[in-house]
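One structure is given here, and the rest of the page talks about it.
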Amino acid sequence: MILRLPSSVQTPVRYFSPIPLSNFFSHPFSSSNENQSLNENVETVFRIITSSPSSTNMRHSLKSSRVSLSNELIDGVLKRVRFSHGNPLQALEFFNYTGRRRGFYHTAFSVDTMLYILGRGRKFEKIWDVLVDVKLKDRSLISPRTVMVVLGRIAKVCSVRQTVESFRKFKKFVPELDVTCFNALLRTLCQEKSMMDARNVYHSMKSKFRPNLQTFNILLSGWKSSEEAEGFFDEMREMGVKPDVVSYNCLVDVYCKNREMDKAFKVIGKMRDEDIPADVITYTSIIGGLGLIGQPDKARNILKEMKEYGCYPDVAAYNAAIRNFCIAKRLREAFDLMDEMVNKGLRPNATTYNLFFRIFFWSNDLHSSWNLYRRMMDMGCLPNTQSCLFLMRLFKKHEKVEMALELWNDMIQRGFGSYILVSEELFDLLCDLGKLVEAERCFLQMVDKGHKPSNVSFKRIKVLMELAQKHEALQNLSEKMDGFLDPQKRLPETMSYSADLSNSNSFPC
């Protein structure tokens, strides 16, 4: 009998480790059907702050709109700015304006989202300015999550040394720069830099912070080498930190990814001896590992066997088993597993469908891809960006304009996928076939959603419009593109960006 297992692909990630920063920004507001009136107000305020030519104009427009600037609305507006890659300094002007109201306090969500927006725009000095203001008004809003949000953006463009220096600066802002904050630093380095960097920082700073179980779990999750993971596991024990199921799952995952299944099963036996029940993550890793050594049928049996131990497969476990059959090009069995999921009350997600989309894309199977897409939509599962790219690239290859436009219209109406990435494929198709009317309509739909088409796509459309002598239409599109220019060219007041842009290549971390 086999024993427990998480998929080599899904494992520790479902727990803690290199957690995408997007996971920090889930918010009750995100349900689009929850409050239509609030959503409309968010859209109204978003358009005001992104279209106002000056700070004074923005403040006047906000007052004239008579929209109540509640915490919930501000959270929603900043989230809207974040996901539309809006201008960071316009967002900051709005954040500061609302925060200056007497008796008003921003939420932790708003603070962290604002810092994320500034970090993505490389406005690092502004980050520290915001933190100073927040500290003076309500220091409790600065949490270990805030530390990770800021360090995550800094680490993307700055060196490890600068990231560590920025971490030390937080000593001025958090009540205590403790092991929780240290863990946030390590998590950031695992995600944005390398495990070697994280390990070096850990060894250089561990004397100042007493590492705890989470510290080791964060670092254990990133190792790709079995030897390094084993060594770190030994150090953990030497320091008197007792491993938990997460720790063991990290070790199982490393063994599975390295196709060392015998070692993985021995770890499961050890977990049993220590009375630590394997969970669905453990089983998912085993399923993935068995797939890597070409045993998809044995992996499928794990789904049944794990129930004997009181552990039931989740969507990620099924996805791991489905992936094995897709890799083996045994699609019938893969679809049977997806049907089994549904019968068990589990809803296949975009990752599930992408396993099939990938196979259909590489086999150039347009018919099966389209049928799967329709099934996906009928099941109420919205595609993600990867799904849309698989489909749109296949439409482009087969020159299927109608299918491409149907997918695009679904994206516009239902709000899924990256408009920027998918539109590049769509505009290539439309321009290649001379579909200027359709290209113009899709361009305007995208702009209306607050997303800027790529300069490459715009240039392609521009050339064709010039050849077709559609000067008026081209002028309209040019003005729309100009609307996305950095407001430093049109904001003479506090929203001027000249100083920031002059330092855009230096990162004062």
Side-chain angles (χ1 to χ4, degrees), residues 12 16-24 88 108 111-135 139 141-225 228-229 231-232 235-236 239 241 250 500 503-509:
F16 52 84
S17 176
I19 296 179
L21 285 177
S22 57
N23 289 2
F24 284 142
V111 172
D112 290 347
T113 306
M114 186 67 252
L115 294 172
Y116 181 94
I117 293 169
L118 290 172
R120 184 173 59 196
R122 302 186 182 185
K123 310 297 183 184
F124 299 120
E125 287 297 341
K126 300 291 185 184
I127 284 178
W128 301 114
D129 292 342
V130 169
L131 286 170
V132 168
D133 292 341
V134 172
K135 175 187 174 182
R139 189 171 185 172
L141 296 178
I142 304 175
S143 66
R145 185 180 74 169
T146 309
V147 175
M148 187 170 177
V149 169
V150 173
L151 296 182
R153 305 318 300 175
I154 289 175
K156 276 190 176 293
V157 295
C158 297
S159 66
V160 174
R161 178 185 59 79
Q162 290 172 310
T163 304
V164 173
E165 287 176 357
S166 298
F167 167 73
R168 292 193 175 105
K169 288 179 70 171
F170 268 100
K171 190 172 184 180
K172 304 175 183 178
F173 301 102
V174 295
E176 181 184 2
L177 199 64
D178 57 10
V179 68
T180 305
C181 297
F182 182 51
N183 290 341
L185 170 64
L186 296 177
R187 195 192 307 268
T188 297
L189 295 175
C190 288
Q191 179 178 331
E192 303 297 343
K193 297 301 182 182
S194 70
M195 282 307 302
M196 185 66 71
D197 292 324
R199 183 178 64 179
N200 291 340
V201 169
Y202 163 77
H203 285 301
S204 67
M205 301 179 70
K206 65 182 179 182
S207 60
K208 300 177 183 178
F209 305 91
R210 181 172 178 77
N212 58 16
L213 180 61
Q214 186 185 30
T215 310
F216 287 103
N217 285 346
I218 289 170
L219 293 169
L220 277 169
S221 69
W223 293 120
K224 292 181 173 59
S225 161
E228 290 175 320
F232 211 75
E235 180 176 348
M236 178 181 183
M239 294 188 68
V241 178
C250 293
D500 290 286
N503 297 320
S504 61
N505 293 321
S506 61
F507 309 123
C509 301

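In what follows, residues are counted from 1 in the order of the sequence shown.
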Checklist entry - Are any side-chain N or O atoms of K193 and backbone N or O atoms of T188, one a donor and one an acceptor, separated by less than 3.5 Å? => result no
Checklist entry - Just by modelled atom types, is the L186 backbone N or O under 3.5 Å from a matching donor or acceptor in the N183 side chain? => result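 No: the side chain of N183 does not pair with the backbone of L186.
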So how far is it from [X] [atom1] to [Y] [atom2], rounded to the nearest 0.5 Å?
X: L115; Y: K126; atom1: CG; atom2: NZ; result: 13.5 Å
X: R210; Y: D178; atom1: CZ; atom2: CG; result: 14.0 Å
X: C250; Y: F232; atom1: SG; atom2: CZ; result: 11.0 Å
X: T180; Y: R145; atom1: OG1; atom2: CZ; result: 14.5 Å
X: L219; Y: K206; atom1: CG; atom2: NZ; result: 10.5 Å
X: L131; Y: K169; atom1: CG; atom2: NZ; result: 9.0 Å

With a 4.5 Å heavy-atom cut-off, do [X] and [Y] have their side chains touching?
X: T163; Y: L185; answer: yes
X: L141; Y: T146; answer: no
X: E228; Y: R199; answer: yes
X: M195; Y: C190; answer: yes
X: L177; Y: F182; answer: no
X: F124; Y: V150; answer: no
X: P211; Y: M239; answer: yes

Checklist entry - Which is it for T215 and N212 under the side chain to side chain donor-acceptor pair (under 3.5 Å) test, yes or no, and what are the steps along the way? => result CA-CA 5 Å; T215 310; N212 58 16; 2.8 Å; yes
Checklist entry - Hey, mind stepping through K171 and E176 against salt bridge (charged side-chain N to carboxylate O under 4.0 Å, His left out) and telling me if it holds? => result CA-CA 7 Å; K171 190 172 184 180; E176 181 184 2; over 6 Å; no
Item to check | Test salt bridge (charged side-chain N to carboxylate O under 4.0 Å, His left out) applied to E192 and R187, step by step | outcome: CA-CA 9 Å; E192 303 297 343; R187 195 192 307 268; over 6 Å; no
Next on the checklist: Between V179 and Q214, does the side chain to side chain contact (heavy atoms under 4.5 Å, CB included) criterion hold? Intermediate values first, please.
Outcome noted: CA-CA 9 Å; V179 68; Q214 186 185 30; over 6 Å; no
Next on the checklist: If you take the centroid of each ring, where Trp contributes its six-membered ring, are Y202 and F209 closer together than 6.0 Å?
Outcome noted: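 No, the ring centres sit 6.0 Å or more apart.
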Next on the checklist: Between F173 and V132, is the side chain to side chain contact (heavy atoms under 4.5 Å, CB included) condition met? List the steps.
Outcome noted: CA-CA 8 Å; F173 301 102; V132 168; 3.8 Å; yes
Item to check | Atom of A229, atom of L220 and distance for their closest heavy-atom approach | outcome: O-CD2, 3.7 Å
Checklist outcome for this item: Closest non-hydrogen atoms of F167 and M205, given as atom of the first, atom of the second and distance, are CE2-CE, 3.6 Å
Item to check | side chain to side chain contact (heavy atoms under 4.5 Å, CB included) against R139, all qualifying residues, sequence neighbours excluded | outcome: K135, P175
Next on the checklist: Does Q191 form a side chain to side chain contact (heavy atoms under 4.5 Å, CB included) with M148? I'd like the steps, not just the answer.
Outcome noted: CA-CA 11 Å; Q191 179 178 331; M148 187 170 177; 4.0 Å; yes
Item to check | Trace of the salt bridge (charged side-chain N to carboxylate O under 4.0 Å, His left out) decision for R161 with E165 | outcome: CA-CA 6 Å; R161 178 185 59 79; E165 287 176 357; 2.6 Å; yes
